[in-house]
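All remarks here apply to the structure that follows.
Worth knowing before you read on, the calculation uses all heavy atoms, side chains too, and leaves out hydrogens, waters and symmetry mates. This structure is a prediction, so every number in the text was calculated from the model and none was measured.
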Amino acid sequence: MNNKLYQPLIFELSHSGRRGDGLPDYNYGSAGAALPSALLRSRAPELPETDEPTVVRHYTNSSNNNFGVDTGFYPLGSCTMKYNPKVNEAMVGRAGVSDLHPAQPAATVQGALRIYRTLEKYLAEVGGMAEFTLNPFAGAHGEYTGLMVIRAYHESRGDEARRKVIVPDSAHGTNPASAAMAGYDIVEVRSLPDGTVDVSDLRGKLDSSIAAVMMTNPNTVGMFERNIPEIAEAVHAAGALLYYDGANLNPLLGVARPGDMGFDVMHINLHKTFSTPHGGGGPGAGPVGVRAGLEKFLPDPRVVEKADGSLDVEFGETAFGRISSWLGNFTVYIKALAYILTLGAENLAKVGPLATLNANYVMNSLKDLFELPIPGPCKHEFVFDGLRDKSTGVTTLNVAKALLDYGFHAPTIYFPLLFHESLMIEPTETESPETLDAFIAVMRRIAEDASNDPDKVKNAPYSTPISHPDEDEAALSPVIKYADLCSSTD
Amino acid sequence: MTIYYLPTHEYIKVDGENGYIGISEYAAKALGAVTYVDMPEEGDELTAGEEFGAVESRKAASDLFSPVSGEVLEVNEELADDPRLINNAPLDAWIVKVKISDPSELDKLMDEAAYADFCATQH
Amino acid sequence: MNAHRYLPHTPEDIDRMLAHCGAASLDDLYADVLTQLRMKQPYALPDAMSEPELDRYFAALAAQNRPMTIFAGAGAYWHYTPAAIPAILSRSEFATAYTPYQPEISQGTLQYIFEYQSMMCSLTGMDVSNASMYDGFTATAEAMIMAVAAARRRNRVLVSAALNPALVDVLRTYAKGPGIIVDTVDAPGGVTSPVAVAEGLKAEDVAAVIVASPNFYGIVEDFTGLADMCHASKALLVMNCHASTLGVLRSPGEWGADIACGEAQSLGMPLNYGGPYLGYLCCTKALMRKMPGRIVGATKDAQGRRSFVLTLQAREQHIRRQKATSNICSNQGMMTLHAAMYLSLMGAKGLEKVNRLSADAAHALAGKLADTGKMTLRYPQAPFLNEFVMDVKAPLTADAVLDALARENILGGVRLSDSSLLIAATEMCSPADIDRYVSIVKSL
């Protein structure tokens with residue numbers, strides 16, 4: 001990346017009269033739409049007028065101010081920033097779907113439907129589930145979808161008194177938010193000092209008002225919930241279902257399957273475990289899997305196999321409803337499928353252990369200088385509670401910013417909420433030992449600097465395109481569009 | 001004016017039949033620079049112990065609970081323009097003025113000394 | 001254990017690292033996973049494929065897809081994608097970045113989101129745009145929930161019968177959780193009835209009225225007086241529009257809407273068999289703090305340089321958890337970049353031209369199809385842009401028309417009933433394509 005700030009916005013490169021479109025000049029010989037002026041804009045939208053080279057250069061230069069997985073190590077905990085294979089992208093072009101309209105007859109899109117169905121089956125194998133839907137657009141969307149499946153299940157049994165969902169206090173923020181969107185009240189369950197769920201607290205909260213318990217395993221502090229069989233039994237005995245937040249599935253590849261642990265419903269983040277790019281926020285995908293008996297509640301539309309072996313798109317009578325325009329973020333499936341096929345069964349099974357090895361290696365190399373509140377071994381990630389030397393006043397935020405000067409992305413900070421100075425590191429399996437050693441050396445140097453010259457760390461970063469943006473001011477007087485920028489006075 | 005507190009750090013300063021509700025110095029400090037105050041409307045009815053708005057800083061949001069029941073007589077419009085007044089002088093920067101419908105509700109609140117003790121137990 | 005190209009570790013690396021961790025084997029690191037939970041057999045998945053094998057695999061699947069000349073819309077429109085866009089989208093500095101949590105090294109992402117927000121505000125005539133939603137349907141569902149949250153204690157929405165029925169299905173799904181009552185407002189003659197809206201508003205607990213233009217039937221609706229009517233009843237007006245049409249049509253802001261939302265796929269995004277697309281969500285300044293999703297704002301850094309950051313985060317799930325308006329924590333990053341680039345390349349004039357070409361094509365097709373005597377325009381009095389409904393005259397059926405066209409690789413539209421079709425045209429349909437369509441219908 002280029003550490004010199006590329007400043008202009010595309011609006012500032014606009015010049016009246018420039019054109020950048022490549023539209024045809026067809027003459028259809030019709031009068032066209034004669035819309036009354038009341039239905040038309042009173043004036044044209046304020047869009048840039050730019051030629052193609054200007055646009056291409058603008059976004060190329062702007063991209064140089066960005067850090068991605070291809071730029072360097074991205075140990076962002078909970079986000080599984082593994083390498084995004086290039087062949088995945090190439091296969092999107094190869095699969096011949098770019099000009100397929102979603103309303104095309106099934107006979108003309110058998111290849112696309114086969115991709116969908118094949119990935120569903122492979123994910124079911126990895127998750128230990130009976131069936132999957134790929135429709136959800138993102139992890140949070142998957143959580144919502146899974147909870148609506150659970151809601152439909154209870155309603156189908158006339159069991160409508162279940163109005164609550166139990167969520168651990170260490171859970172991702174989306175868990176309680178998704179449960180609330182699905183109409184549930186939230187009950188929090190405590191974590192023990194080792195970061196796992198307090199089973200006795202959970203037991204005390206399980207009754208006939210509970211629809212589901214949401215868990216991620218390993219949890220957000222990177223610990224495996226070893227009591228999961230006991231938890232699953234208690235949850236099921238109370239008539240509730242167990243939901244698996246698949247955000248942390250990566251370390252389980254090749255080791256264990258959520259379905260075998262007693263989970264009834266789960267989602268998978270294809271943009272984490274299955275290597276599809278995060279794209280600065282999206283598009284991702286959050287497929288949802290269910291155990292046998294719950295398939296019928298999955299959302300519409302479904303891809304189904306006909307007796308003759310062909311595939312079709314269908315709407316079911318027992319589906320809880322519809323959550324998307326069509327069949328979800330289709331090109332993301334192509335990438336995830338390409339990833340699974342490229343690794344194959346044998347290599348896919350190495351992903352979890354190597355991700356876990358990398359995390360433990362980094363943890364063990366830094367725990368003398370950083371506070372490790374929960375001793376390992378961890379799984380794919382672990383959490384430090386800031387530096388061990390608390391006398392310097394150097395915070396987790398300072399450490400995160402200092403890393404940027406060394407060409408590393410920062411870890412996740414101030415999450416989970418269990419600790420004041422959470423610094424959550426997830427290296428993923430695609431990082432070589434050399435990269436990890438370089439990161440470890442830098443982290444040690446920052447810790448050393450924090451003790452010797454705390455201000456040096458507190459004032460970092462120094463070399464990035466911008467430094468110390470005033471985020472309070474941004475929230476106090478929001479400037480959220482170019483017109484605001486033009487009208488705001490200094 | 002007598003002042004009372006809730007454990008959720010809202011205060012009410014009692015002025016005859018009316019009260020001024022805001023957040024304590026302790027809460028303002030914990031929250032950091034306030035960037036926005038979500039306020040009810042004049043005429044809204046508040047219920048003791050229930051939510052009536054929120055205070056936001058850049059990276060936190062804290063719901064506001066009402067110490068008493070009563071009608072909102074006035075909201076502090078100055079906070080819409082400059083929410084940082086809460087950080088500058090929380091006890092002056094009241095958020096809503098209410099007509100206290102049941103003065104006996106005040107008996108359930110902490111007085112200044114009790115609240116100071118309570119804050120000392122928080123970390 | 002042999003190294004794979006995505007898995008750099010050699011056996012020696014693994015041994016060294018394990019020793020450093022005080023573990024004897026990789027298995028040791030999973031000592032806390034009970035044996036009963038461990039996988040008993042390998043994944044029942046195929047063996048690894050080389051790149052040439054993978055290429056052949058997907059090429060074989062591609063051979064089972066049949067691209068068509070597309071005269072269908074129903075929310076997904078076949079517009080051309082400027083080649084410059086995929087070229088930039090493939091830049092991994094953009095593609096392999098996460099949500100821009102660290103503004104110091106994410107100005108690229110933050111900048112294009114800011115540009116996108118600016119352009120969407122201008123197109124919709126609204127004050128604020130978020131950084132995008134998953135698709136047009138979920139954006140509209142979020143608009144509904146947001147309106148109900150803003151309204152306090154009002155729990156009913158009126159939904160025009162002229163909305164895409166699949167969108168109404170999604171709204172009904174999302175209404176279940178918060179217990180929102182969804183009432184349908186009649187649309188006789190294909191347009192939302194103001195009388196029915198007025199009747200519906202009498203319920204006094206209406207939080208929002210949701211309408212679309214162009215609506216599901218392609219009709220450009222006249223919403224004169226609608227915003228006033230809603231506001232007089234303290235209800236918000238939510239407008240759903242296909243983003244491209246906002247280049248020419250009166251904007252939601254000009255109609256007095258409070259929330260504008262919808263699908264932005266029409267900004268030249270490839271059809272890709274249904275996704276990824278792009279939902280947009282814009283609102284008035286008064287509603288800004290109730291808006292779900294990411295928002296990028298401008299500020300200055302310590303040296304006074306203009307900088308962009310994620311802002312107003314106190315609204316979001318990672319802070320408010322169950323009290324957030326929404327659980328969304330992503331945006332369609334690469335699709336917002338697509339939209340920003342498309343709108344930069346097209347400009348207002350290009351956008352006007354693509355709408356004119358599409359409308360000309362659609363009107364030419366509608367006229368010629370009516371001239372065959374085999375079909376009639378369902379709503380002849382209603383103004384439309386690039387999409388319209390044709391009634392097929394007996395004994396001909398909608399299926400017979402679609403099948404005949406499909407045999408010639410033409411997607412003739414979306415079947416609405418045994419005897420009606422929803423047909424769309426764009427600049428991708430040449431005059432010759434239109435003549436081909438018409439001559440096939442004539443021959444039936």
Interchain contact, [X] with chain A, by part (heavy-atom threshold 4.5 Å):
X: C:I70; result: side chain
X: C:D47; result: backbone
X: C:V296; result: backbone
X: C:L37; result: both
X: C:L249; result: both
X: C:E104; result: both
X: C:A362; result: neither
X: C:E352; result: neither
X: C:R294; result: neither
X: C:P42; result: backbone
X: C:V414; result: side chain
X: C:S90; result: neither
X: C:I105; result: both
X: C:T311; result: side chain

Among the options [options], pick out the one with the most heavy-atom pairs lying under 4.5 Å from chain C.
options: A:G183, A:A179, A:G281; answer: A:G281
options: A:L5, A:L9, A:L404, A:T71; answer: A:L9
options: A:A44, A:P229, A:G321, A:A400; answer: A:P229
options: A:G344, A:S324, A:G96, A:P102; answer: A:P102
options: A:R114, A:R151, A:R257; answer: A:R151
options: A:I115, A:D260, A:D300; answer: A:I115

**OP:** Mark yes when over 12 heavy atoms from residues, nucleotides or ligands other than A:E46 sit less than 6.0 Å from its CD; otherwise mark no.
**Re:** no
Subject >> Atom CG of C:D28 with >12 non-hydrogen neighbours under 6.0 angstrom >> reply: yes
Original post:
Step by step, would you call A:R322 with C:T173 a side-chain hydrogen bond (donor to acceptor under 3.5 Å, both in side chains)?
Top reply: CA-CA 6 Å; A:R322 188 167 181 164; C:T173 299; over 6 Å; no
Original post:
To the nearest 0.5 Å, how far apart are CD1 in A:I10 and OG in C:S118?
Top reply: 12.0 Å
Original post:
Between A:E471 and C:T299, is any pair of side-chain heavy atoms under 4.5 Å apart?
Top reply: no
**OP:** Look at the rings of A:Y144 and C:Y174 and say which category their plane angle falls in: under 30° parallel, 30 to 60° tilted, over 60° perpendicular.
**Re:** parallel
**OP:** Compute both the distance and the angle, then confirm whether A:K379 meets the cation-pi test with C:Y30: under 6.0 Å from the six-membered ring centre, within 45 degrees of the axis.
**Re:** yes
**OP:** Could you pull out all residues at least two apart from C:D55 that satisfy side chain to side chain contact (heavy atoms under 4.5 Å, CB included)?
**Re:** A:M91, A:R94
Subject >> For C:A361, all residues meeting side chain to side chain contact (heavy atoms under 4.5 Å, CB included), sequence neighbours excluded >> reply: A:Y28, C:A425, C:I434
**OP:** Could you verify whether a donor N or O on one side chain and an acceptor N or O on the other, from C:T96 and A:N84, lie under 3.5 Å apart?
**Re:** no
